[in-house]
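Comments concern the structure below.
Keep in mind that the numbers below use all heavy atoms, side chains included, and drop hydrogens, waters and symmetry copies.
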Amino acid sequence: MNWFRYVGPFAVLLVLGLVGHVTTASAAYPISSDPMRVKQTYLDMININGAWAAAEDTRTPLIVAVVDTGVDLTHPDLAGRLVDGVNLLQPGAKPYDDNGHGTNVAGIIVAAMNNDKGIAGIAPNARIMPIKALESDGTGDEAKLGEGIKYAVDHGAKIVVLSLGLNKYSAYLQGIVQYAEDRNVLLVAAVGNESTSVKYPAAYPSVLAVGGVSPDRTADPRSNYGPELDIMAPWDVYTTALGGGYQYQDGSSMAAPQVAGAAALVWGKYPGMSAFQVRSQLEQTAEDLMSPGWDTKTGYGLLNVQKALTEPYKQDRFEPNDTQAQAALLPAHTAIKASLSSGQDQDWYAIDTAYDGQLQFWLEPEESSAAGSIRLRVDSGETFVAGGDSSQPFTVNVRKGRTYIQLQGVDSARQTALNYALRTDFIIYTDPFEDNDKQYKAFALPERSQTLEGTFHQKGDVDWFSIYLEHSGTMRIKVTTDTGRIDPMLFIQKEGEKSLTYDQTGDGGMEITSQMDVLPGQYYIRVSNVKDYIEPITGEYTLDIDYTPKLIDPNEPNDKSYQATFAALNSGYEGVFSRNEDVDWFEFRLTKESLAQVSLTNLPTTRILYATLYDSSMKDLGTYQSTLGNTSLAFEKPLSSGTYYIKLRANQWFMSQMYRLQINSFVLISGYRDIENHWAQSTISEMTSEGIISGYGNYRFAPDQPVSRAEAATVLARALHLTKQRELRFSDVATSFWGYADIAKVVQAGIVDGYPNGTFGPNRGLTRMEMTQMVAKALGMSGKLRGNSPYPDVGETYWGVGIVKQMAADSWISGYPDGSFHPEDGATRAEFLTIVAKLLNR
């Protein structure tokens, strides 16, 4: 059995109408003088005084059936405002209210005006037919709801109010709603108060769905919303209560009877209108609250009863919409009627969808002839023609966002208007895990934590997933949804073992498992809607799988130095800490004096890792630690040959991921890690021992790195033991510059000079030609002009050709194997040091 409930003050309202006519019209209704009218501020928000002035006082009452918890039949402000009803729960008993909700609804619509008592109802021309279909706690089933609606329609009610709601689509109730609509009945319903999707019956396409606005004229954040929302009315009211009293109430169930009362006034003044026209008149006279036209949060806007009674009815309320820029925004679920004024007229509409999926269009021209056919074109380029039998919908694939459609008559020469009806619907996308409706079709997921989104796109849809775990660990599974129309259920089973089902919360709730210990094997997960909610759902669920493997440290036991795991150089080792006291020892060996580099990666950001280095005698050589938020720790240290140990520990155990340790070593030559086997190794070592050259302070000499002009000046000043210096006037060499003194010495010696623009370029790379010239000047060579250039890329017009000829002739310089010299290429630190060594050994 499927239960309806009004939630707190929430109520769903259906408004049905008795076909009738006004026999006699008289003066408009007077302004209310009721003593508690001052508390009914919501009436001022919907312009009720202007509406009463424009209404017509009819002698034939319009009957409103309230299908709810009953009505206080003895309330003094409802005296004379009721007609006979029915008690569907206790046949033969009167429909007395034992909850209060139905009485709240009735007073908003028909509380007697100007009777020196209480409040004023919106519709003096209405009478209430109380139909008790809900229990004293506000619950009821589908059968009683449907029976109540049908009773109201069959017994002459013009308007029926339903103060209840359900997230489930029901084919049975859809049929009851259609039963009422076929008898020219207007349907009005409250959307619900959960800040989620519109409830049924408000969500049925032909029902006028009402949301609530706060006193500041903004949508109350609790009011449900979506593509089914039509109109808004005030959220807060002051109305009749049980026992002849009055009370403040709020909710969309209090907004909906205001729209019902407005419909009664409109129908009373214009009895020839159809139910569809009354509904359309309320929508087209509503006041925009957000963007012009319809939107998902406020529908067509705030109810304005005065405008509904004074502005003329528009057969096509969407004009002007002749261009795409003027397109009228429509809900994805709606039914409208409009008109093309001629064969040249175009009607443009825009539809916003919250998901990828399919839009369906039912287009029915008023004329069934070929001349009355209408072409519907979607902005994606698809075109359809409706004419004759248009019972089948047009379906197009759409992306999340806005879709434009254009309507135009096929007969462009037509001079007369062509009326049409357009209905739209939306089908959500099929998620990428289908077809997975059976356990044997379960979609296989990887062994890790993950988040995925799915849909129930078809009737009876369920989604199966499987995950194969190779490691023991823990797992927690959670499913959430973005709509109240999904009441998610979780089913979990390890293959061959007992299953677990989680269904603790209700519509739109979250289902979450406890943290489960899991062993290796195949696990199945099923996500479904509750069994009664089998229809396709416009909405998504999110499945979160939080899996933490219990990793095994392959190096254990290594808690003592004598148990240390031998770590080969340049290889990786992984481990975890199973308890706070756990420590991991590793041993490595160096055969030569080397720079040892220790790297620890894949560290948890919430942990601190400590690494202590020891020599073979267990002397502490230093402790290093990572920082919170970082995933790595690295350090290096020069060590002589021998055996060394590293002890690792963490500030707190972790087993969710494995750290990675790698130890690399670089043989140190003269304190450098990067000159072993280099062609200039001996020269670099010799010059370093003599204090002529040094590295970069990080055990690196960088022999193949370009030498700067400042570095070259420093090497020459030291190699030649220059002492005299003069003040420099280069704009880019300040006295604080590290090489200032040495540059001054070589400039004083005439070995090098600056550039014509007054700069020296201390950090500029030295070219091979500049290097050759500096050494030549140190040797006192001025160059020679006779003879041919020894290199094809040093021509006779090159500025340094004389120096190159002399230096090459005396074997100070040499070119490349191909015979070239590359004078403008940068000289490396090794090349410069080698030529300086020749200078010293001259």
Legend entry - Flag if over 12 foreign heavy atoms under 6.0 Å of CH2, W679: yes
Legend entry - Nearest heavy-atom neighbours spanning K784 and K805: O-CD, 3.6 Å
Inset, instruction - Give me the one residue out of D431, D463, T430 that meets side-chain contact (heavy atoms from CB on, under 4.5 Å) with T455. - result: D431
Inset, instruction - I would like to know whether T643 and S616 meet side chain to side chain donor-acceptor pair (under 3.5 Å); could you show each step before the answer? - result: CA-CA 5 Å; T643 300; S616 58; over 6 Å; no
Legend entry - Nearest heavy atoms of F588 and A596, plus distance in Å: CE1-CB, 4.3 Å
Legend entry - pair D753-F730: side-chain heavy atoms closer than 4.5 Å: yes
Legend entry - Smallest separation among heavy atoms of L840 and A719, with atom names: CD2-O, 3.2 Å
Legend entry - Spatial distance of atom CE (M771) from atom CG (L833) [nearest 0.5 Å]: 11.0 Å
Inset, instruction - For R579, look at atom CZ and say whether over 12 heavy atoms of other residues, nucleotides or ligands are found less than 6.0 Å away. - result: yes
Inset, instruction - Let me see the working for T623 and F635 under side-chain contact (heavy atoms from CB on, under 4.5 Å), right down to the final yes or no. - result: CA-CA 10 Å; T623 298; F635 61 91; over 6 Å; no
Inset, instruction - Any chance you could measure L590, atom CG, to S640, atom OG, to the nearest 0.5 Å? - result: 8.0 Å
Legend entry - Donor-acceptor pair between Q358 and N397 side chains, under 3.5 angstrom: yes
Legend entry - E796 side-chain N/O to S789 backbone N/O, donor-acceptor pair under 3.5 Å: yes
Inset, instruction - Please work out whether the ring planes of F821 and Y791 are parallel, tilted or perpendicular, with thresholds of 30° and 60°. - result: parallel
Inset, instruction - Would you check if T451 and T542 make a side-chain contact, meaning some heavy-atom pair closer than 4.5 Å? - result: yes
Legend entry - Carboxylate-amine/guanidinium proximity below 4.0 Å for K400 and D356: no
Inset, instruction - Find out whether S594 and P638 are in side-chain contact, i.e. whether some heavy atom of one side chain is under 4.5 Å from a heavy atom of the other. - result: no
Legend entry - Polar side-chain atom of Q563 near backbone of D559 as donor-acceptor pair, under 3.5 Å: yes
Legend entry - Donor-acceptor under 3.5 Å (R402 side chain, A350 main chain): no
Legend entry - Given Y644, Y645, W585, the one that forms ring-ring contact (aromatic ring centres under 6.0 Å, His included) with Y614: W585
Legend entry - Trace of the side chain to side chain donor-acceptor pair (under 3.5 Å) decision for Y696 with Q705: CA-CA 11 Å; Y696 287 107; Q705 179 174 304; 2.8 Å; yes
Inset, instruction - Determine yes or no for a side-chain-to-main-chain donor-acceptor pair under 3.5 angstrom, with R448 supplying the side chain and P446 the backbone. - result: no
Inset, instruction - Compare all side-chain heavy atoms of S578 with those of D553 and state whether any distance is below 4.5 angstrom. - result: no
Inset, instruction - Give a yes or no on whether the backbone of Y404 and the side-chain of D379 come within a donor-acceptor separation of less than 3.5 Å. - result: yes
Legend entry - Rounded distance [0.5 Å steps], CG in D352 versus CG in L329: 5.0 Å
Legend entry - Over 12 non-hydrogen atoms of neighbours within 6.0 angstrom of CG in N570: yes
Legend entry - E382 (side chain) donor-acceptor with S380 (main chain) under 3.5 angstrom: no
Legend entry - Sidechain-backbone polar pair: S685 side chain, Q681 backbone, donor-acceptor under 3.5 Å: yes
Inset, instruction - Determine whether L720 and V746 make a side-chain contact, defined as any pair of heavy atoms from C-beta on separated by less than 4.5 Å. - result: no
Inset, instruction - Please assess D546 against D544 for the test side-chain contact (heavy atoms from CB on, under 4.5 Å), listing each intermediate value before the final yes or no. - result: CA-CA 6 Å; D546 183 10; D544 287 294; over 6 Å; no
Inset, instruction - Take Y429 and R399 through the test side-chain contact (heavy atoms from CB on, under 4.5 Å) and record every step on the way to the result. - result: CA-CA 9 Å; Y429 69 93; R399 304 289 293 178; over 6 Å; no
Inset, instruction - Step by step, work out the side chain to side chain donor-acceptor pair (under 3.5 Å) result for E824 and Y798. - result: CA-CA 11 Å; E824 298 302 321; Y798 184 69; 2.3 Å; yes
Inset, instruction - For the residue pair L469 and P520, establish whether any side-chain heavy-atom pair is separated by less than 4.5 Å. - result: no
Legend entry - Residue pair F737 / N763, side-chain heavy-atom distance below 4.5 Å: yes
Inset, instruction - Might you point out which heavy atoms bring G819 and P792 nearest each other, and give the distance in Å? - result: O-CD, 3.2 Å
Only distances under 3.5 Å count here; give the side-chain donor-acceptor pairs of residues 657-664 to other protein atoms, sequence neighbours excluded, each with its distance to 0.1 Å.
| unit_1 | atom_1 | unit_2 | atom_2 | d |
| --- | --- | --- | --- | --- |
| Q657 | NE2 | N602 | O | 2.9 |
| Q657 | NE2 | N602 | OD1 | 3.4 |
| Y659 | OH | D584 | OD2 | 2.6 |
| Q662 | NE2 | N664 | OD1 | 3.2 |

Inset, instruction - For the pair Y672 and H678, evaluate side-chain contact (heavy atoms from CB on, under 4.5 Å) and give the outcome as yes or no after the intermediate values. - result: CA-CA 11 Å; Y672 304 128; H678 192 274; over 6 Å; no
Legend entry - Reported NZ-to-CD distance for the pair K777 and Q773, which is rounded to 0.5 angstrom: 4.5 Å
Inset, instruction - Look only at the side chain of S449 and the backbone of Y547, and say whether a donor-acceptor pair between them is shorter than 3.5 Å. - result: yes
Inset, instruction - Considering non-hydrogen atoms only, spot the tightest contact between R649 and V583 and give its length. - result: CB-CG1, 3.8 Å
Inset, instruction - Could you check whether the rings of Y355 and F426 sit parallel, tilted or perpendicular, using 30° and 60° as the cut-offs? - result: parallel
Legend entry - For the student: nearest non-hydrogen atoms of P762 and D732, plus distance: CD-OD2, 3.3 Å
Legend entry - Under 3.5 Å: donor-acceptor pair, side chain of R607, backbone of W653: yes
Legend entry - From H457 atom NE2 to E434 atom CD, the distance as rounded to the nearest 0.5 Å: 5.0 Å
Inset, instruction - Step through the shown structure and confirm whether more than 12 heavy atoms of other residues, nucleotides or ligands are within 6.0 Å of CD1 on I552. - result: no
Inset, instruction - May I ask you to test the K550-T474 pair for a side-chain heavy-atom distance under 4.5 Å? - result: yes
Legend entry - side-chain hydrogen bond (donor to acceptor under 3.5 Å, both in side chains) partners of D810, counting only residues at least two apart: none
Legend entry - From T548 atom OG1 to M655 atom CE, the distance as rounded to the nearest 0.5 Å: 11.0 Å
Inset, instruction - Measure up the F654 and F577 rings against each other and bin them: parallel (under 30°), tilted (30 to 60°), perpendicular (over 60°). - result: perpendicular
Legend entry - Side chain D482, main chain E540, donor-acceptor under 3.5 Å: yes
